[in-house]
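Scope of the values below: all heavy atoms of this structure, side chains included, with no hydrogens, waters or symmetry mates. Position 1 is the first residue of the sequence, and the numbers go up from there.
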Amino acid sequence: MMGSLLAHLLLLLPIATEALQTSSLRRSFPTSLQAVSQRRTFIFDGGELESFLLHGNTGESTGSTAATKVGSLTLVTGSTQEDPSQRIVAVQTNNNDINANYETVSMGDVDVYAHTIAAIPQKVSEADALSTAAAALVGIHCAIPKVGGVGGSDNSNDVFYTGKAVVVGGNDYACFVADGLATLGIEVSLVSTGSPRAKNDGVYVMKPSDLNDDYEEVGFSTAVGEFDSLIDTISNERKGMLITEDNPYGGSTVLKLLQSKHQCSKYISTLTQSQQIVKNEGVLWGPGKANDHVKKMESIPLARCASLVPSLGFGSATLQTLLDSNVLFSIKSNNPTVSRGWALKDFWEETSWPRDSSGMGIRFGMPAEEEEDLDEQFRREQERMQTRIRVGSEVGGGMDDTETTKQVLIDQTNPYVMQIAGVDGLAQEVVSKQKDCVVFVAMRSCRTCKGINPVFTKLARERGSDELMFAKADATGATGKALGRQLGVVSVPSFVLFRNGVRYGAVSASKLPSERLDQALNDLTEGKDFDPSLEEGK
């Protein structure tokens, strides 16, 4: 691991030098520009907009993002009067909301922010220059770890970039971000469950887990060590929480641990609202709603959008280096207003990402609190359960409302274990798909079930596959009781197994690991008949 990182770091040295030379050549702005030749507006929302509002203006947190739901960035192309053959791209000012902190330059009937101007190389189309500028705003420019002036210069256009960044996701946008940051001189690790194709040799591609110096399997954040920025292209750990000066992490344990364990001062989510909709609604209902959202955003009046202005250095240092190095992000849409949409590949990577064994739904590799020994955790849970049974004989026992609500939230945010809702859910997810599956049947008020839950999640992470699905079903209420009767369950916790969508057998166990459940799973996957003695508990 360390040898590989060192090799990639050495590869970055000439890249960093090239970026430094490029930014040094772009110290002055053109003073007179020709009329606009192309114009396109890009819409920002969701986690991507949150990240800009937190880090886009000064590189530091700017407080609450609750009031702003949609942002827009209008980009134009044109040419200089001094050299009509020299094309440029820049951010157009909003006449109703001009940022007085930045210098502007006239382009006929519109003005642009001078610090956003970049020259378009002959080999780059104006359409690609526009889309690349928009794509670079949050994932690259806002995520840049450290900025330094050449020779101690205070000139914002005479800068170089340095630091370490981690990019999460294997989609085309993630590869563009990783390539772009590496081209700017940043040491980059690209983390994905798939096989992303980064073009820059300075990008170190890795899985969610890696080997440390002692050849032990560790999460990617532990393997990388300290880093300055994490760019998350498939999820949003901020989860829409309110960020304030008094609450800089929004209550997110992951963000807090990124700072305390890894010195990561910037968490940049580029998750759009359409991506979030698909994530929330799933592949059955999500795509239609996400497409409707994109159409709505592409027709929204710009007066209802916050006008986004990149921070200093965007044109001359960031965008110019990307264009000169042919690091481009193309889009297929020809619409004058564009909202970055969603991709099924992103959804599957996020939902199939291995989860931490705590059962809290944390993606493996993200920092987490130290995990308790599972046997000790179960022992403590059993002790608490026995105490509750003795004390609760007069108050009803079981979990209280707060504990029940917490368990429901854990289940809903645990994509490694499929949630089965009633007989219809069983028919849809298991029977009709002819799945091999083990269904953990529990009840919300069952404290034994709660104690088993994290161990079942760990078992699902270790043994789950495309061939064997792990699921959980709630036997609470009329719908749950009907499902329990359909499954032939008389007590919880129980584990009902299916082969090709047909009930294979059931095992009752009050503790995991369970030798009987392990044997039943082995027999199921090996094609053997179910052993009735396992169901009877003999």
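For the pair R503/L497, no side-chain contact is recorded, criterion being any heavy-atom separation below 4.5 Å from C-beta on.
A donor atom on one side chain and an acceptor atom on the other are found under 3.5 Å apart for T183 and N200. Side-chain atoms of S274 and K289 form no donor-acceptor pair, as typed in the model, at a separation below 3.5 Å. Side chains of E50 and S269: a donor-acceptor N/O pair is absent below 3.5 angstrom, by distance only. For the residue pair N236 / Q275, no side-chain donor-acceptor distance below 3.5 Å is found, with atom types taken as modelled. For the residue pair T233 / N171, a side-chain donor-acceptor distance below 3.5 Å is found, with atom types taken as modelled.
Listed for the Q419 side chain is no donor-acceptor partner under 3.5 Å among the backbone atoms of A471. Checking side-chain atoms of S514 against main-chain N and O of K511 turns up no donor-acceptor pair under 3.5 Å. Between the side chain of S432 and the backbone N or O of A427 there is at least one donor-acceptor pair closer than 3.5 Å. No donor-acceptor distance shorter than 3.5 angstrom exists from the side chain of Y161 to the backbone of I144, with no hydrogens or angles considered. Under the 3.5 Å distance criterion, the side-chain polar atoms of R238 are matched with a main-chain donor or acceptor of Y267.
With sequence neighbours excluded, no residue forms a side-chain contact (heavy atoms from CB on, under 4.5 Å) with K296. Scored by the side-chain contact (heavy atoms from CB on, under 4.5 Å) test, A442 finds F440, C449, K472 as partners (sequence neighbours excluded). Contacts of T270 classified as side-chain hydrogen bond (donor to acceptor under 3.5 Å, both in side chains), with partners at least two apart in sequence or in another chain: none.
Remark: R463 CZ is packed, more than 12 non-hydrogen atoms of other residues, nucleotides or ligands lying under 6.0 Å away.
A tilted orientation is assigned to the rings of F176 and F329, their planes being inclined by 30° to 60°.
Annotation: cation-pi pair R340/F42 absent, no NZ/CZ under 6.0 Å from the ring centroid and within 45° of its normal.
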